[in-house]
Amino acid sequence: MTLVGLEELRAAQQRIAGVAVRTPLLPCPWAADGDRRLWLKPESLQPTGAFKIRGAYNRLASLTAEERARGVVAQSSGNHAQAVAYAAALLGIRAVIVMPDTSPAVKVENTRGFGSEVMLVAPDRRDTVPAELVAEHGYVWVPPYDDRHIIAGQGTVGLEIAEDAPEELDTVLVPVSGGGLISGTAAALKLTRPGIRVVGVEPELAADAQASLRAGERIAWPVADTYRTVADGLRTPSVGVLPFEHLTTYVDDIVTVTEDEIRDTVAVLARRGRLVAEPSGAVSVAGWFHRAAEIGGRAAAAVVSGGNIEPKLLAELLAG
């Protein structure tokens, strides 16, 4: 299986320019810990509040005229949903988005707000209904992570880090769900800054990626298990086929964090970092604070992958 290469990553970077924001690499003096230093890559500042716009726009902008006329269907717990809806609106493409009925209301409302049709289904049907709609209506399927264009688009995060990072940067921390973000980011970094370690971070309650990487084969967790975590964007039962190939080639390790650590980090990012992060976006920073011995390194960049959090949950975490 051919991995996404630097040429595809560069092409994606050009394609999404002017649509996705080139987010800064923010130094965090408030997070200094002895000899350790931290920078944040705030993808929560994207137009749709998460990194997903990079891959979604790269995929939709690559469709042929005939494919655009057919319309697209995508499945998502929320951030890919919003990204596809936003990209489709920009490109004049009809989009139908399949979302679990457990998705945060703010993500459902935002997706509809971009003009897409939303279908709410039981969580265990999220990944099967799109195929039914493709067969019935002829839509083009835009998967959330198991796609070369998606991986290349998400990989522009890694290209930007490589271009902006100080020479001392030795580690990049990335949230892991289906694996699109860490696949593209790791590929970009290893192909341009091979000395940088790439470490994935995921919840203990949805640690299928860590189990897969260490076993050397894709391992799926039951939906009932992954849906226990507050990090709703990281509940995918298993990493994708193509992402897994990238993980085993480019990712150095995957660590896990607890629910309390995720919740605490959302509050820390809001109070100290002045950033609104959803639990899924905060796991990388939680790893830096709570898994220093496992991660190693002295200068890390953490990707804050999204900021689409329910206001009620944010208020609860800040009050706690």
Side-chain angles (χ1 to χ4, degrees), residues 2-17 19-26 38-46 50-59 79-80 83 144-202 209 213 239-240 242-255 280-281 283-285 287-288 295 297 299-306:
T2 306
L3 302 182
V4 170
L6 192 56
E7 183 176 342
E8 291 171 271
L9 291 161
R10 297 290 189 199
Q13 190 174 42
Q14 293 180 359
R15 195 172 289 123
I16 70 173
V19 175
V21 173
R22 184 191 176 97
T23 53
L25 203 57
L26 301 175
L38 176 69
W39 286 261
L40 298 179
K41 179 72 168 169
E43 287 295 291
S44 51
L45 302 181
Q46 291 294 345
F51 73 96
K52 291 282 192 176
I53 185 57
R54 296 173 181 268
Y57 190 83
N58 189 50
R59 182 70 187 92
N79 286 334
H80 181 60
Y145 46 83
D146 215 342
D147 179 276
R148 300 188 69 84
H149 286 90
I150 296 293
I151 291 173
Q154 320 305 27
T156 59
V157 170
L159 289 180
E160 292 175 10
I161 292 174
E163 292 164 0
D164 297 343
E167 287 300 318
E168 65 188 292
L169 190 75
D170 55 39
T171 307
V172 172
L173 307 175
V174 188
V176 188
S177 182
L181 175 60
I182 194 168
S183 293
T185 299
L189 288 166
K190 294 298 185 178
L191 293 172
T192 59
R193 296 279 297 270
I196 293 178
R197 297 181 71 248
V198 179
V199 178
V201 187
E202 64 182 345
L213 184 64
V239 296
L242 185 55
F244 181 68
E245 296 300 318
H246 287 76
L247 260 67
T248 55
T249 302
Y250 293 130
V251 175
D252 294 282
D253 197 8
I254 296 177
V255 302
S280 304
V283 295
S284 57
V285 185
W288 190 86
I295 292 169
V303 179
V304 179
S305 58

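For the atom pair OH of Tyr145 and NZ of Lys52, the computed distance is 8.5 Å after rounding to the nearest 0.5 Å. Ile182 contributes atom CD1, which lies 10.0 Å from atom CG of Leu189 (distance to the nearest 0.5 angstrom). With rounding to the nearest 0.5 Å, the separation of CD in Gln14 from CG in Leu9 is 12.0 Å. To the nearest 0.5 Å, atom CG of residue Leu181 and atom CZ of residue Arg54 are 9.0 Å apart. Going from atom CG of Leu173 over to atom CG of Leu38 covers 7.5 Å, rounded to the nearest 0.5 Å. Rounding to the nearest 0.5 Å gives a distance of 9.5 Å between OG1 of Thr185 and CD of Glu160.
Residues Pro243 and Asp146 come closest through the heavy atom pair CD-OD1, 3.2 Å. Closest heavy-atom contact between Leu191 and Val4: CD1-O, 4.3 Å. Between Gly281 and Ser305 the shortest heavy-atom distance is CA-OG, 3.2 Å. Of all heavy-atom pairs spanning Asn58 and Arg15, the tightest one is OD1-NH1, 2.6 Å. Here the shortest heavy-atom pairing between Asn79 and Ala50 reads CG-CB, 3.6 Å. Residue Leu213 comes nearest to Phe244 through the heavy atom pair N-CE1, 4.3 Å, listed as atom of the first residue, atom of the second, then distance.
Taking the side chain as every heavy atom from C-beta outward, Val283 and Glu202 never approach each other to under 4.5 Å. At least one side-chain heavy atom of Thr2 sits less than 4.5 Å from a side-chain heavy atom of Arg148.
Every residue meeting the side chain to side chain contact (heavy atoms under 4.5 Å, CB included) condition with Ala301, not counting sequence neighbours, appears here in chain and number order: Leu25, Trp39, Leu169, Val172. Evaluation of the salt bridge (charged side-chain N to carboxylate O under 4.0 Å, His left out) rule for Asp147 yields Arg59 as partners, not counting sequence neighbours. When the salt bridge (charged side-chain N to carboxylate O under 4.0 Å, His left out) test is applied to Glu167, no partner is found at least two apart in sequence or on another chain.
When atom types are taken as modelled, the side chain of Thr249 and the backbone of His246 share no donor-acceptor pair closer than 3.5 angstrom. Side chain of Gln46 to main chain of Phe51: no donor-acceptor pair is present (N/O by atom type, distance under 3.5 Å, no hydrogens or angles). When atom types are taken as modelled, the side chain of Arg193 and the backbone of Ile161 share no donor-acceptor pair closer than 3.5 angstrom. Glu8 places a side-chain N or O within 3.5 Å of a backbone atom of Gly5 that can act as its donor or acceptor partner.
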Checklist entry - Can you check side chain to side chain contact (heavy atoms under 4.5 Å, CB included) on Ser284 and Val174, steps first, answer last? => result CA-CA 6 Å; Ser284 57; Val174 188; over 6 Å; no

Checklist entry - Could you go step by step and tell me if Lys190 and Asp252 meet the side chain to side chain contact (heavy atoms under 4.5 Å, CB included) rule? => result CA-CA 10 Å; Lys190 294 298 185 178; Asp252 294 282; 2.8 Å; yes

Next on the checklist: Applying side chain to side chain contact (heavy atoms under 4.5 Å, CB included) to Leu6 and Leu159, what does each step give before you reach the verdict?
Outcome noted: CA-CA 9 Å; Leu6 192 56; Leu159 289 180; 4.0 Å; yes

Item to check | Full working for side chain to side chain contact (heavy atoms under 4.5 Å, CB included) between Ile150 and His80 | outcome: CA-CA 10 Å; Ile150 296 293; His80 181 60; 4.1 Å; yes

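A donor and an acceptor atom, one from each side chain of Thr23 and Glu43, are located under 3.5 Å apart.
The pair Glu163-Arg10 meets the salt-bridge criterion, since a charged nitrogen lies less than 4.0 angstrom from a carboxylate oxygen.
Annotation: Glu168, atom CD; neighbour count of heavy atoms from other residues, nucleotides and ligands within 6.0 Å is above 12.
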